[in-house]
Protein chains: 2
Amino acid sequence: MDLSIQQVASLTGTTSRTLRHYGDIGLLVPSRIASNGYRHYDQASLVRLQRILLLRELGLGLPAIAAVLKHETSPTEALAAHVLWLRAEQQRLGRLIESVEKTIAAQEKGEEIMAENMFDGFDHTQYKDEVEQRWGKDAYARGDTWWRGMLPLEKQELKELVAALNSDWIAASTSTVAPDSTQAQELAQRHVAWLASVPGTPASKPGGDMKGYVLGLAQMYVSDERFAANYGGLAGATFVRDVLTTYAERDL
Amino acid sequence: MDLSIQQVASLTGTTSRTLRHYGDIGLLVPSRIASNGYRHYDQASLVRLQRILLLRELGLGLPAIAAVLKHETSPTEALAAHVLWLRAEQQRLGRLIESVEKTIAAQEKGEEIMAENMFDGFDHTQYKDEVEQRWGKDAYARGDTWWRGMLPLEKQELKELVAALNSDWIAASTSTVAPDSTQAQELAQRHVAWLASVPGTPASKPGGDMKGYVLGLAQMYVSDERFAANYGGLAGATFVRDVLTTYAERDL
DNA sequence: CTAAAGCTTGACGCTGCGTCAAGGTCAAGT
DNA sequence: ACTTGACCTTGACGCAGCGTCAAGCTTTAG
């Protein structure tokens, strides 16, 4: 008829702290509070608690449970909505797992296959002439010393980053993503952020014309087959150019 | 060469608040703090931030990211561990979904099929005689008036609870769960908690012999075929009895 | 009568920032 | 020179759901 907080807790497998919490938020108030402040619960409390715990085990949040108990929501309704939530979460995790595994795989073998020439394609060795011609004589020197000065681990990290970016580009260009879609524009943002992180680009210099730089670069991806090869051929490079120019015009 | 916090934020698609947070926890400290307190970042910061964001998108926690950046963990290692985590979570959600859907289904049709006779089997109508004979003359009267006094919605809720408990019992008894296993004992706990929530049971009365009550009841599940039918036949009832007696002996 | 349980309220901690609040700083326009 | 307005700063609360001390009162068993 009249149970103490501990009795209720051990009977239902929860803790007294939880019961006090439920009391605080009004989810399950004690049926009686003695003059010494002790909480006491009766059968109705236990029945209610049973329902609370049942719903909680199914993953419902306390506010949702409260709504059900207040008859503001039917149990079926609440559970159906909850299932949608759960499914969405599960799918999100699925996509995450896919991404992570792709990243791991790209890291283990892509490191040799793509990274070297991909990154090389950008700031040194074989493109020395272009770099000097387009971005000034000292651009190559700066980029090169920067690259040489990096620790091997840092190099690897950058390669991984570029590899990830690149594979995302290819994935996007071979799917039906529009150049001005949010997804594509986010890729452009990442790409530009990466460019900005490379010393020698105009991004960070006081009056640096990052917009012109990106526009020129985007065009080069298409006209230079060596770059185009990195983005899945001419079609891919064209896609990259369109996305980048859209981004540059709108956000730079 | 020297970017403001906002420039970095918009370049990488995060917010200045995030960057300040990363500074606070030491994940990404500004390369320079001017005399006016303004934070400034350089290329190295951007490179580091790129990696942080890449790993964050894959779902890694900030401490894990910090470990990778400090070279305490290799990226591959961290990602591999993370994938395990993700898989476990995904499976947990899968089990949750299953449970919730089972509950919904049981609620929609089980409500008519099982609940009525299941709950009726316990405290009134057809078992009037037994109840009076075993637990005293007034037990039946109390239980019956209590049950009749409940609102329809409350009745339904209790039925659902009992239905869930019952299906778990059957699931456990038809699998290879040992009577003294944690899983089975938790079922017993729920069962006893439910019993205690029914008025007229000795659980809450000052000197109530809950242990004896449960032991007698457990035996009845086996000897009375009407109860046994609720738990999947004699085999199920035997399992229920064993679990309950184990629980009563140990915890009551 | 004392020690051991059991009870109370109060408050921090955890994850990763979002979101005010209150107030300096700086470049541009009047 | 003065006012906007944009951008910057350091706090500090909020969220979900309790776990986990802490300090102190009450009841019970020995």
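Below, chain A is the first sequence line, B the second, and so on; all start at residue 1. All heavy atoms count here, side chains included; hydrogens, waters and symmetry mates do not.
Considering only side-chain N and O atoms, Arg56(A) lies nowhere under 4.0 angstrom from the phosphate OP1 or OP2 of dG17(D). Between Arg39(B) and dT10(D) there is a side-chain N or O to OP1 or OP2 distance below 4.0 Å. Phosphate proximity of dG19(D) to Thr15(A): present, with a side-chain N or O under 4.0 Å from OP1 or OP2. Listed pair Thr18(A) / dG17(D) fails the phosphate criterion, with no side-chain N or O lying under 4.0 Å from OP1 or OP2. Taking side-chain N and O atoms only, Arg20(B) has no distance below 4.0 Å to OP1 or OP2 of dT10(D). Taking 4.0 angstrom as the limit, Asn36(B) places a side-chain polar atom (N or O) nearer than this to OP1 or OP2 of dC26(C). Residue Tyr22(A) has a polar side-chain atom (N or O) positioned under 4.0 Å from OP1 or OP2 of dC18(D).
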**Study point:** Residue pair Arg92(A), Glu89(A): steps toward the salt bridge (Lys or Arg N to Asp or Glu O under 4.0 Å) verdict
**Key:** CA-CA 5 Å; Arg92(A) 194 178 67 85; Glu89(A) 262 299 288; 2.9 Å; yes
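Closest to the Arg17(A) side chain, of the nucleotides dG16(C), dT19(C), dC18(D), is dC18(D).
To the nearest angstrom, P of dG17(D) lies 13 Å from CG of Leu53(A). Atoms CD1 (Ile33(A)) and P (dT8(C)) sit 8 Å apart, rounded to a whole Å. dC15(D) atom P lies 13 Å from atom CG of Leu62(A), rounded to whole Å. Rounded to an integer number of Å, the gap from CD of Glu57(B) to C1' of dG16(C) is 16 Å. For His82(A) and dA16(D), the NE2 to P distance is 15 Å, given to the nearest whole Å. What separates CD1 of Ile65(B) from C1' of dG16(C) is a distance of 11 Å, to the nearest Å. Asp24(B) places its CG atom 8 Å from the P atom of dT10(D), with the value rounded to the nearest Å. The CD1-P distance, from Ile5(A) to dG6(C), rounds to 13 Å in whole Å.
Rounded to the nearest 0.5 angstrom, Leu93(B) CG and Gln91(A) CD are separated by 11.0 Å. Considering CG of Leu58(A) and CD of Glu101(B), their distance stands at 11.5 Å, rounded to 0.5 Å. Rounded to the nearest 0.5 angstrom, Leu60(A) CG and His82(A) NE2 are separated by 4.5 Å.
Across the interface with DNA chain C, nearest-nucleotide mapping of Leu60(B) and Tyr38(B) shows Leu60(B) to be the residue nearer the 5′ end.
Here Ser4(A) lies in heavy-atom contact (under 4.0 Å) with sugar-phosphate atoms only. Here Ile25(A) lies out of heavy-atom contact (under 4.0 Å) with every strand.
For the side-chain hydrogen bond (donor to acceptor under 3.5 Å, both in side chains) test with Asp2(A), the passing option among His40(A), Gln7(A), Gln43(A) is His40(A); the others fail.
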